[in-house]
> 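Have a look at this one.
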Amino acid sequence: MGVRESDQERDRRAGPGWGPDRDLPPRSERSAFRVSGTRHRTGDPSRAPGQDLQHRRHDQEAWLGRRPVPGAAHHRRHARWLHPSRGLGAGRELPDRTPASPSRETGDVRGLRLNPEQRDAVEHGEGPLLVLAGAGSGKTRVLTARAARLIEQGLEPTRLLAVTFTNKAAGEMRERIEGLIGRSTRGLWIGTFHSVAARVLRIEAPNTSRTRAFTIYDEDDSIRTLRDVMESVGYDPRRWAPRALRGRISGAKNALMGPAEYESEAFDLLSEVVAKVYPAYQRELERRNAYDFDDLLFETVRLLETVDGVRDRYGARFAHVLVDEYQDTNHAQYRMVKALASKHGNLCVVGDDDQAVYGWRGADIRNILDFEADFHGAHVVRLERNYRSTGSILEVANAVISRNLARKPKRLHTERETGDPIEVVRCDDERAEAAWVSSRIAADRSARGLNEFAVLYRTNAQSRAFEEAFRRSGIPYRIVGGVPFYERREVKDVIAYLRLLVNPADDAAFLRAVGWPRRGVGAKSLERLGDLARAGAGAGEALEPLAAVAARARHEDGIPRAAARGLRRFAEGLADVRASLSGCGAREALEACVAAFGLATALAEEEDGADRLENVSELFAAAEVFERDDVEDPDDESTDLELFLQSVSLRSDLDEADFDGEAVTMITLHNAKGLEFPVVFLGGLEEGLFPLSRAMEAPGGLEEERRLFYVGVTRAMDRLSLTYADHRWRAGMASRSAPSSFIDELPEEHVLPQLAAPRRGRWRARDARGTARRPPGGGEPGSRSFSWQRGPDRVPGRAAGSGADGRSGPPGELEYDYEDSQVPLSLAPGVRVVHPRFGAGEVLQVYGFGKEARVEIAFEKVGRKKVVVAYAGLRPDC
DNA sequence: AACTAGGAGTTTTTT
DNA sequence: ACTCCTAGTT
Ligand SMILES: Nc1ncnc2c1ncn2[C@@H]1O[C@H](COP(=O)(O)OP(=O)(O)OP(=O)(O)O)[C@@H](O)[C@H]1O
């Protein structure tokens, strides 16, 4: 995962005399070494902390003269967080002030250049502190420097808690602090709210209803569980979408509303259902020894606020609490912070209300705006100088954000040169957009390293076109976030076995594992198994885990012979694996499961078996190098496997096989918050996509989208290009869209006159002839909300003329010919056609183009059907 | 029980 | 496009 690194890089350069860190090879190589260095530690918990440090130092020496073995770099956990823009981009800034002496000895972090306000914040003593400042003003630098300074002044790292909003930010902060103090930050609690909460819950397990080995349910697990629960409470999951229920419950938990509170506030039909299901769902999670994401926060707050002594214990344990991106905290997080810092009030939060982009998750900007009133006597620092971007970029950012009405005015200035104007590029479609970006990068490649480029976008789906373009032109890239590989079916399946090993009560894992590979156990048998569990429990008693019932499944219980055997063997297999494991290593456990249940064989036989196997072997690699240091604590006795699984659920680890070499970064705007890149391409600036129409449905949605745009703009250090496409494939259908309204908000003087990317392929609009055929209103009323929206204004004259082949088509039609397109499309919604078998009908919807094109047709006789144009033999009905 | 086709709902953003 | 679920088939 890419994260801002240049700061750290600069910080390193700041001190030519800074301990062993001087003369570092490029970042990536260092991480490569860390891989081998830290591998020793994995699975060797007996090693004393001191030894560990020595190891690290040893590695550091090795950096001086050696280059790493290529390929050794995979999966060192922090490596992934390194900022792509490390290196060149970062180096253009003058070195920071040189410290008087190597800081490792003196404990001086002031070699890091800080302006007076920043220094004020860094050196602020006890008591609450708020740094409220705009983008690129050095907030994170302050937070990091402050942490480093506290440690250098002798505070044990274990007594520091630093909380961030995303995993990337957490990893990055650790890196930065380590960079500053030149040694390991072992024992420092640093992580996301969720991971910190999970850790508290592990340590405090005796004070909770769960054991230390609890499972963390992700959204998918939650929904499945809810479905089960709904059924047992008597609601039909087809009538009430479990997904919607989950949303409500999640919202409630983040507002710290338990089932009882929720019930009293039920206000509509759905919430009445929720009120019934919520308590049952909580009981079920407890039975399964599981928490869902939101429980982590909820339970931690409950623990801190209501269980005697817990809050004081953590209050005493942490002398200081630091929170980054505070504007994105929701109520539960706020209460958690408050409880943790209540004893001493040493709470330092930094944030920017203009970058609040998680409202949809319950984040409340008031947390930061009211901080002063809330934490009495808080010291407030404001930073107004931006150190990141050129004048043009900053002006654009200022202009954009000033459009927001619900906002405290704030203006950033920079001393940097004006720089190049930003550019806005119009493209035909997403492929043209991606092609333009990639040709741009290819052209600049000689001048800049690929790590200096980033492509930002609103939705993950947009990465695909870029990916293809980069692949075509041989430009290495890395995708941050996206669909994580552990969300793939096969990976989840394999992980289910591990989960069951660790937490036998995890029915969701049981159901997954028992269903794959096939072992003669079907839905009926599983239902019977559930009956058995119910029969075995007395009234009010918790049901026995399904995995346990499975161990004694018998034909006499009404389970088919084969199924009963399958169940028993499954249970035995698990028991065997459990018995055979000598240690608690994740890799070891994985291997044992794969071997015992023939998982690899089963996978290999599947459709894209090779790919799936590949993914599973990546899982192996991830398990292999899993390190517990980030989650390690003297009070935390969890095993490696337990921690590994929890990390997986928290998405804090594992990644696709990304590598640390030179590569363009592709990342969503949300994920990019907090990062910086010399050259930024921000794609998809189209009305409906960005600002995203769905997001605008919520109150304040447009302003939040605009803040997100502001975040995007302010990621750029030197150059910024915005692109939009006239046509785009969205959700399986072609759409046209207008340029984003955000483009109109840009100050002209800083924008290069519009460019248009060269055309690729052929999107042709046909009009003129046949206009009469156009259906009134442009589409079928029943056919979703889609319409071609070909206003007369959009199709000047005969557009691109008739097709290359001279054929003309119906009106309002979009035609897209890529090189391989052989079937010029002459279909559009509303057109009447005749099918050789189904007869006459009217086109409702067109999916895809060329050979792949399919149309949905409402036939007069047989109703709606989807047919493949290339094979259907459709003729116009005239 | 296992497989398959068809359908329905999603495709914002993240922990 | 895509995944997941359901219903109907084998
Ligand atoms: N006093 C300073 N002197 C030189 N460079 C600085 C100074 N303060 C910050 N910077 C640089 O400015 C850039 C932005 O800093 P930082 O990331 O800490 O800002 P931020 O306020 O956290 O930004 P954002 O809100 O956008 O995440 C970094 O490259 C950092 O190294």
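From a predicted model like this one, the values you see are computed outputs, not experimental measurements. All chains are named by letter (A, B, ...) in the order of the sequence lines, taking the proteins before the strands, and each is independently numbered beginning at 1.
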> OP1, OP2 of dT15(B) versus side-chain N and O of S195(A): anything below 4.0 Å?
no

> Among the nucleotides dA1(C), dT13(B), dT15(B), which one has an atom lying closest to any side-chain atom of W729(A)?
dA1(C)

> Please write out each protein N/O paired with an N/O of nucleotides 2-6 of chain B under 3.5 Å, distance rounded to 0.1 Å.
| from | atom 1 | to | atom 2 | distance (Å) |
| --- | --- | --- | --- | --- |
| dA2(B) | OP1 | G520(A) | N | 2.8 |
| dA2(B) | OP2 | R518(A) | NH1 | 3.3 |
| dA2(B) | OP2 | V521(A) | O | 3.2 |

> Looking at dT13(B), dA1(B), dT12(B), which one has an atom nearest to any side-chain atom of R730(A)?
dT12(B)

> Give the rounded distance in Å between these two atoms: CD1 of I667(A) and P of dT12(B).
18 Å

> So which one's nearest nucleotide on DNA chain B is more toward 5', A695(A) or L526(A)?
L526(A)

> Please report the distance, rounded to the nearest Å, between CZ in R694(A) and P in dT13(B).
11 Å

> From dT10(B), dT12(B), dT15(B), pick the nucleotide closest to the side chain of R243(A)?
dT10(B)

> Under 4.0 Å between a Lys/Arg side-chain N and an Asp/Glu carboxylate O for E642(A) and R202(A)?
no

> Once you apply a heavy-atom cut-off of 4.0 Å, does R464(A) come out as touching a base, just sugar-phosphate, or nothing?
sugar-phosphate

> Between dT14(B), dT10(B), dA1(B), which one does the side chain of A563(A) approach most closely?
dA1(B)

> Rounded to whole Å, how long is the line connecting atom OH of Y457(A) with atom P of dT12(B)?
14 Å

> Determine whether a donor-acceptor pair (one donor, one acceptor, N or O, separation below 3.5 Å) exists between the side chain of R458(A) and the base of dT13(B).
yes

> With T166(A), which residues qualify under side chain to side chain donor-acceptor pair (under 3.5 Å), at least two apart?
none

> Does any part of the side chain of R715(A), heavy atoms only, come nearer than 4.5 Å to the side chain of E676(A), both counted from C-beta?
no

> Assign a letter to each nucleotide of nucleotides 3-10 of chain C from its 5' end: B, base within under 4.0 Å of a protein heavy atom; S, sugar-phosphate only; -, no contact.
--SSS---

> Quick one: on DNA chain B, does A241(A) or R246(A) contact a more 5' nucleotide (nearest heavy atom)?
A241(A)

> Going by side chain to side chain donor-acceptor pair (under 3.5 Å), name the pairs with one or both residues in residues 293-302 of chain A, residues two or more places apart or in two chains.
S250(A)-D294(A), K253(A)-D295(A), Q282(A)-D295(A), E299(A)-R302(A)

> Could you spell out the base pairing of DNA chain B in dot-bracket, with Watson-Crick or G-U pairs whose two distances are under 3.5 Å, [ ] crossing and | to another strand?
||||||||||.....

> When the aromatic ring centroids of F570(A) and F597(A) are compared, is their separation below 6.0 Å?
yes

> Once you round it to whole Å, what is the distance between P of dT15(B) and NZ of K253(A)?
18 Å

> Pick the C1' atom in dT12(B) and in dC5(C), then give their distance to the nearest Å.
23 Å

> Determine whether a donor-acceptor pair (N or O, by modelled atom type, separation under 3.5 Å) exists between the side chain of S693(A) and the backbone of L689(A).
no

> Do the side chains of E433(A) and R728(A) get close enough for a salt bridge, i.e. N-O under 4.0 angstrom?
yes

> Does F690(A) have its ring centroid less than 6.0 Å away from the ring centroid of F742(A)?
yes

> What is the separation between atom CE on M696(A) and atom C1' on dT12(B), rounded to the nearest whole Å?
12 Å

> Of all residues at least two apart in sequence or in a different chain, which pass the side chain to side chain donor-acceptor pair (under 3.5 Å) check with T225(A)?
R288(A)

> Does W360(A) lie flat on the base of dT12(B), that is, centres under 5.5 Å apart and planes under 30° off?
no

> Closer than 4.0 Å, any side-chain N/O of N460(A) to the OP1 or OP2 of dT12(B)?
no

> At less than 4.0 Å, is any side-chain N or O atom of T668(A) found next to OP1 or OP2 of dT14(B)? Yes or no.
yes

> Students often get this wrong, so: under 4.0 angstrom with heavy atoms, is F165(A) touching a base, only sugar-phosphate, or nothing?
sugar-phosphate

> Within 45 degrees of the axis of the six-membered ring of Y358(A) and under 6.0 Å from its centre: does R361(A) put its NZ or CZ there?
yes

> Taking the six-membered ring for Trp, are F466(A) and Y457(A) parallel (under 30°), tilted (30 to 60°) or perpendicular (over 60°)?
parallel

> Using the rule side-chain hydrogen bond (donor to acceptor under 3.5 Å, both in side chains), only one of D328(A), T668(A), T714(A) pairs with K673(A); which is it?
D328(A)

> Name the nucleic acid region contacted by A461(A), choosing base, sugar-phosphate or nothing; use a 4.0 angstrom heavy-atom cut-off, strictly under.
nothing

> dT15(B) C1' sits how many Å from I216(A) CD1, rounded?
10 Å

> Provide, to the nearest angstrom, the distance between the CH2 atom belonging to W240(A) and the C1' atom belonging to dG9(B).
17 Å

> From CG of N330(A) over to P of dT14(B), roughly how many Å is that when rounded to an integer?
16 Å

> Between R224(A) and D221(A), is there a side-chain N and carboxylate O pair less than 4.0 Å apart?
no

